[in-house]
Amino acid sequence: MIIVPGPASKDLGFRIANSMGIEAVPLEFKRFPDGESYFRFTKNLENEDVVIVQTTGPPQDVNFLQLLLLIDAARDLGSKSVTAVVPYVAYGRQARRFLNGEAISSRTVFKLLETVDIDYFITFDYHNPEILNYFKNHVENLTAVPSLAKFMNGYSLKGAFSLAPDDGAIELVKVASNILEGDYGWLKKTRDKVTGEITIKVDNLNVKGKDAVVFDDIISTGSTMTSAVKILKSQGARRVYAACVHPLLIGDAKEKILREGALEIVGTDCVPSPVSVVSVAPVVAEALRRHFSM
Ligand code: R5P
């Protein structure tokens, strides 16, 4: 097996190779003066199981095109199989037409991925898993939530309350609360389809004097997480932490969340960021070993 870390997931690629005791094969990569990407594989891929690791967080369009270029080239260079490890798949939230005339972008993303012929596709906590059914190849939608919750346990958070900032994250907090051995709950969030502004209906969460962790799949502008932290603090929660799988952290998202009273933001390397302290490499390594019977 050959693990190839793409430019958007260099560290994760090397960590996966390390977890598996395999050497990662670096790419020769440069940008042409006009911005186009140049790639050269530095090892012969013929008859090899090739694993490309490339996330598609910001800049999404560049990272996604690079992913397609890498997969297509790996196939073209005679590999036996091509696996794509794409921990964060861009456009996952635009999975239906919320307003007339909108593009269903996440479906298009998977249509494009189909064209480059992938044998095995690994992602994490995909926002709208139903859309994965359109994808004909072998897809594995893994979860990083147990890794996040185990990490949080290191902060003596046993018995902490796990909060989902909206109903989309309920399944995540069910998993997390099992590990933290505390209660869980969720907020009722609605988002304005035009402005993107969110409104949260506040119920009593029964968190007075308790530690709490908010778990979400994505932190983008931080508005959702900020509101959830604010609600927990206003209801008397003691220590509050923010945890997410995909820390996109656009603009001042991190500062906004911390300003509201979160002690720390903990994310994974599904998207590299200053808060990506939890690695999904062992989970990917285990999936690869299982799939390839290693
Ligand atoms: C949406 O349903 C997602 O699960 C996240 O809650 C959302 O993407 C976070 O976005 P933002 O950080 O901009 O509020």
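If you're wondering where the values come from, they're calculated on a predicted model, not measured in any experiment. All ligand and atom numbering here is 1-based and tracks the order in the structure.
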Check: Backbone, side chain, both or neither: what part of R93 comes under 4.0 angstrom of ligand 1, heavy atoms only?
Finding: side chain
Checklist line | Side-chain ion pair, K111 and E114, N-O less than 4.0 Å | finding: no
Notebook entry, point to check: With the threshold set at 4.0 Å, does a side-chain nitrogen-carboxylate oxygen contact exist between D203 and K201?
Noted result: yes
Item checked: Shortest protein heavy-atom distance from atom 13 (O) of ligand 1, along with the residue and atom involved -> T221 OG1, 2.5 Å
Note to self: Considering non-hydrogen atoms of the protein only, which is the closest contact for atom 10 (O) of ligand 1, and what is the distance?
What the structure shows: R191 NH2, 3.5 Å
Checklist line | salt_bridge(E102, R97) N-O dist < 4.0 Å | finding: no
Check: With Y126, which of Y91, Y88, F110 fulfils ring pair (Phe, Tyr, Trp, His ring centres under 6.0 Å)?
Finding: F110
Check: Relative to the heavy atoms of G222, which atoms of ligand 1 are at a distance of less than 4.0 Å?
Finding: 11 (P), 12 (O), 13 (O)
Next item on the list: Give the atoms of ligand 1, by number and element, whose distance to some non-hydrogen atom of K189 is under 4.0 Å.
Entry: 1 (C), 2 (O), 6 (O)
Item checked: N-O pairing of D167 and K189 below 4.0 Å -> no
Notebook entry, point to check: What residue and atom, counting heavy atoms only, is the protein's closest point to atom 1 (C) of ligand 1, and at what distance?
Noted result: H127 CE1, 3.4 Å
Note to self: Starting from atom 9 (C) of ligand 1, what is the nearest protein heavy atom, named by residue and atom, and what distance separates them?
What the structure shows: I218 O, 3.5 Å
Next item on the list: Give the single entry among D166, I250, D217 that approaches atom 4 (O) of ligand 1 most closely by any heavy atom.
Entry: D217
Notebook entry, point to check: Among protein heavy atoms, which lies nearest atom 5 (C) of ligand 1, and at what distance?
Noted result: D216 OD2, 3.3 Å
Notebook entry, point to check: How does L248 reach ligand 1, by side chain, by backbone, by both or by neither, if only non-hydrogen atoms under 4.0 Å count?
Noted result: neither
Next item on the list: Measure from NZ or CZ of K30 to the centre of the six-membered ring of Y38 and say whether it is under 6.0 Å with the direction within 45° of the ring axis.
Entry: yes
Item checked: Ionic contact status for R290 with E286, cut-off 4.0 Å -> yes
Check: Do H291 and H138 have ring centroids that are under 6.0 Å from one another?
Finding: yes
Next item on the list: Using non-hydrogen atoms of the residue, decide whether G168 is closer than 4.0 angstrom to ligand 1.
Entry: no
Margin query: Below a 4.0 angstrom heavy-atom separation, can you tell me which part of T224, side chain or backbone, both or neither, approaches ligand 1?
Written below: both
